[in-house]
Amino acid sequence: MPTPPRLAILELLALVPSGTVVSYGQLADLAGLPGRARLVGKVLRDADTQALPWHRVVAANGTISLPADSEAASEQRQRLLAEGVTFTGKRVNMKQHNWQPDLAAILMLLKY
DNA sequence: ATAATGACTATTT
DNA sequence: CAAATAGCCATTA
């Protein structure tokens, strides 16, 4: 049984549009959980990655927060590239792709 | 109750 | 730009 905080994170993640990314901390803040970036990471580990855009979550500096050599890391990068996300070396160009919550997302946040 | 852990982050070397 | 440093805080052991 997911605790309320986790639920908020998951619902919010589901709203992140293709071609954009969010940082762990940003997602935590939006979900009303300031300072809990690490919790987001844990949620992603436990969550059902099949149905959620988990690959749209990257570190605040734009890098992928998974072991550079891991299979998951390369897959995440591949998925992002497929959505049109551009990289500069190892970092996502946050300037262009960092998600800015739209009205729908803001409204949804009100229930928490 | 205490201590270690980690898909984090901001700052400083 | 890479690496170390020091905060962060729920979850685990």
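Chain letters run A, B, ... following the sequence lines, proteins first and then strands; every chain starts at 1.
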Interatomic distance, [X] [atom1] vs [N] [atom2] [rounded to whole Å]:
X     : N     : atom1 : atom2 : answer
A:D46 : B:dG6 : CG    : C1'   : 12 Å
A:E71 : B:dA7 : CD    : P     : 18 Å
A:L44 : B:dG6 : CG    : P     : 16 Å
A:D69 : B:dA7 : CG    : C1'   : 14 Å
A:K42 : C:dC9 : NZ    : P     : 18 Å

### A:V58 and its side chain to side chain contact (heavy atoms under 4.5 Å, CB included) partner, picked from A:N98, A:T63, A:V22, A:L80
A:L80

#### Entry: Candidates C:dC1, B:dA7, C:dT12 - which lies nearest the side chain of A:R91
C:dC1

#### Entry: Nearest-0.5 Å distance that lies between atom CG in A:L33 and atom CZ in A:R38
15.5 Å

### Task
Measure the shortest side-chain to side-chain distance between A:L13 and A:V43 over non-hydrogen atoms and say whether it is less than 4.5 angstrom.
no

### Query
Can you check whether A:V57's main-chain N or O pairs, donor with acceptor, with A:Q76's side chain at less than 3.5 Å?
yes

### Message
For the backbone of A:P34 and the side chain of A:R36, can you confirm whether one donor and one acceptor N or O come within less than 3.5 Å of each other?
### Response
yes

### Task
Let me have a per-nucleotide readout for nucleotides 8-13 of chain B, 5' to 3', with B, S or -, counting only protein heavy atoms under 4.0 Å.
BSS---

### Query
Within the structure shown, what part of the strands sits under 4.0 Å from A:R45 by heavy-atom distance: base, sugar-phosphate, or nothing?
base

Using residues 81-90 of chain A as the side-chain source, report each donor-acceptor pair under 3.5 Å to any protein atom, sequence neighbours left out, with the distance given to one decimal.
residue	atom	partner	partner atom	Å
A:E83	OE1	A:G19	N	3.1
A:E83	OE1	A:R56	NE	3.1
A:E83	OE2	A:H55	NE2	2.9
A:E83	OE2	A:R56	NE	3.1
A:E83	OE2	A:R56	NH2	2.8
A:T86	OG1	A:N93	ND2	2.6
A:T86	OG1	A:H97	NE2	3.1
A:T88	OG1	A:N93	OD1	2.4

